[in-house]
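Each chain gets a letter, A, B and so on, in the order the sequences are listed, and its residues count up from 1.
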There are 2 protein chains.
Amino acid sequence: MIKTVAIQGVKGSFHHIVTQQFFENAVDSIECLTFDRVVDALITKECDAAIMALENSIAGSIIPNYALIDKFGLHIVGEHYLDIQHNLMALPNQRIEDIEEVYSHPMALLQCKEFFKIHPHIKLVEDKDTAEVAQRIQEQQLKGIGAIASVTAAEIFNLNILAHGIQTIKHNETRFVIIKRTNSEVNQSDINKASIKFEANHKRGSLAAILNVMSDCKLNLTKIQSLPIIETPWKYAFFVDVTFENYKDFQKAKSLIDIMGDGFKVLGEYKNAKL
Amino acid sequence: MIKTVAIQGVKGSFHHIVTQQFFENAVDSIECLTFDRVVDALITKECDAAIMALENSIAGSIIPNYALIDKFGLHIVGEHYLDIQHNLMALPNQRIEDIEEVYSHPMALLQCKEFFKIHPHIKLVEDKDTAEVAQRIQEQQLKGIGAIASVTAAEIFNLNILAHGIQTIKHNETRFVIIKRTNSEVNQSDINKASIKFEANHKRGSLAAILNVMSDCKLNLTKIQSLPIIETPWKYAFFVDVTFENYKDFQKAKSLIDIMGDGFKVLGEYKNAKL
């Protein structure tokens, strides 16, 4: 059973909310301020699992996080979707005109860009986490400073929300994955989605050939992303997510792609969170 | 002939460097502080063309810029690759220990993340442009403030480089595109690359079928990126780049994909900058 989970951010962060929604039992969080630290906590066995944001509506894939999973040979064992609502918050009795600087995670700042265009007096400053800024504002009683974070963070750290749902895209869904050191505990009968990586050159049809195999094996593609392999011109890595009804179909596809593509790797086999 | 070009940033910015390298004749730059403003300058005919960064080694595709080209029906008429070298700069006689805050474009801050981990006393602040911060430091004689920008920017604004090449990935290539209101002036015999968009559902094989057509028509795929269509669950938009030797092959593929995929659109036909 998973008891301890590394998250990016502190209590009230979106990663923390994912731990509350995803796991059936209560889990302890290890609060990390970078994704590198999240991975480090997992590798050094400080925790049983870790949560990582992988893609969102406005910025697309968070490529560096794919790279971390790939580089350290970690396994995706589950996924969870969260509709991210960003809120501008500050100490009670502060008005929006009083706010001079807003600190938040770079992705939150990017997602709320349009809102701050109409409040040009506010300076935006990158920080490690959304909720950690809320915590700091309360602990140090910082006036003139705002945080962008969840309603939960405002409640935990007793801040006043000056503006709700300030993200540009109102339905702002982020996909999180649950990662572990091994894939051993996922029940095979639950598996109906997988994330894989393979390499192919830009020669005509090499990707099409692999996608044909997937199609023949009854896999549905739900995501594809090519990335140039920096050291090798004209060669590409593809990160692909597929869903399937029967695990045996996926096993068959794995054997075939392993022969056809270079650098084939399964990043995770897990239960599809969208049904 | 292209005479006036909208760029994101001021003189010394990476977009400005692209205008100097790409066009044979000297062009005037319209300095814009957002990509929205770049597109606006093009639509309102303040300029003949615009430059836009579209993807880079560390963050992958810059999805919002794809969306701008798509939304406003603009055309990619050329591409240019630039090896982005970021440098930390400040007023002369400032040491790195004196720098309290560094202002730069969010993408530059992201690309230099590792460098600043070993200088934790420096606060990172998001700004509109790389070179514009260099300009401001010089004009307002700002001590304790650093910019992350090009060597050209340091030269133009007479700043001292405290650290060269501070980006995490040393070979940090960014792909820029040249966009116009119409595609009319690209010489057909020069065209050997195209950017297209189409939609497909997650039904088994629908993407594979379109890629097969591309392969049959002798197109090489150099990039593929799926994006969920937010309003339509289970339907995806694909942004694909292809190269080809014979324009007639591409024409044939266009007719076929137009029948097979929904929402087919050519975002641009242009000359491949990588040979």
Side-chain angles (χ1 to χ4, degrees), chain A residues 34 36 55 57-64 66-67 101 106 109-110 113-114 117 123-127 168-169 171-173 200-228 230-231 233-234 236 238 240-241 243-244 274, chain B residues 34 36 55 57-64 66-67 101 106 109-110 113-114 117 123-127 168-169 171-173 200-228 230-231 233-234 236 238 240-241 243-244 274:
Chain A
T34 65
D36 291 344
E55 55 192 301
S57 315
I58 194 161
S61 295
I62 304 168
I63 304 284
Y66 271 96
E101 293 184 331
L109 294 172
L110 180 69
K113 203 175 69 165
E114 296 301 318
K117 270 191 192 163
K123 189 164 101 176
L124 300 177
V125 187
E126 295 208 344
D127 216 306
T168 306
I169 296 180
H171 179 57
N172 180 36
E173 198 169 61
N201 59 35
H202 85 138
K203 267 223 307 267
R204 189 149 67 77
S206 55
L207 174 64
I210 292 174
L211 293 191
N212 285 338
V213 164
M214 291 185 191
S215 171
D216 292 345
C217 293
K218 300 179 192 160
L219 310 186
N220 298 312
L221 183 140
T222 63
K223 181 192 160 73
I224 181 165
Q225 162 90 46
S226 68
L227 277 187
I230 295 166
E231 305 78 22
W234 296 118
Y236 296 84
F238 295 90
V240 173
D241 287 350
T243 60
F244 40 85
K274 291 230 168 176
Chain B
T34 65
D36 290 344
E55 56 192 298
S57 316
I58 193 160
S61 294
I62 304 168
I63 305 284
Y66 270 96
E101 293 184 331
L109 294 173
L110 180 69
K113 202 176 70 167
E114 296 300 319
K117 270 192 194 164
K123 188 164 100 176
L124 300 177
V125 187
E126 294 208 347
D127 216 306
T168 306
I169 296 181
H171 179 58
N172 180 35
E173 199 169 59
N201 58 35
H202 85 137
K203 269 224 306 269
R204 188 150 67 79
S206 56
L207 174 64
I210 292 174
L211 293 190
N212 285 339
V213 164
M214 292 185 189
S215 171
D216 292 345
C217 291
K218 301 179 192 159
L219 309 185
N220 297 312
L221 183 139
T222 63
K223 180 192 161 74
I224 182 165
Q225 162 91 45
S226 67
L227 277 187
I230 296 168
E231 304 79 22
W234 296 117
Y236 296 83
F238 295 90
V240 172
D241 288 348
T243 60
F244 40 85
K274 291 230 166 175

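Only the side chain of B:Leu109 comes within less than 4.5 Å of a heavy atom of chain A; its backbone N, CA, C and O stay farther away. Both the backbone and the side chain of A:Ile224 come within contact range of chain B, with heavy atoms under 4.5 Å apart. Only the side chain of B:Glu101 comes within contact range of chain A, with heavy atoms under 4.5 Å apart. Proximity to chain B is limited to the side chain of A:Asp36, based on heavy atoms less than 4.5 angstrom apart.
For the atom pair NZ (A:Lys223) and CD (B:Gln225), the distance works out to 6.5 Å, reported to the nearest 0.5 Å. Separation of atoms CG (B:Leu221) and OG (A:Ser206) is listed at 8.0 Å; rounding is to 0.5 Å.
Not one N or O on the side chain of A:Ser215 forms a donor-acceptor pair closer than 3.5 Å with the backbone of B:Ala208.
Between A:Lys123 and B:Val125, the closest side-chain pair of non-hydrogen atoms falls below 4.5 Å. Between B:Leu211 and A:Leu207 the shortest side-chain heavy-atom distance falls below 4.5 Å.
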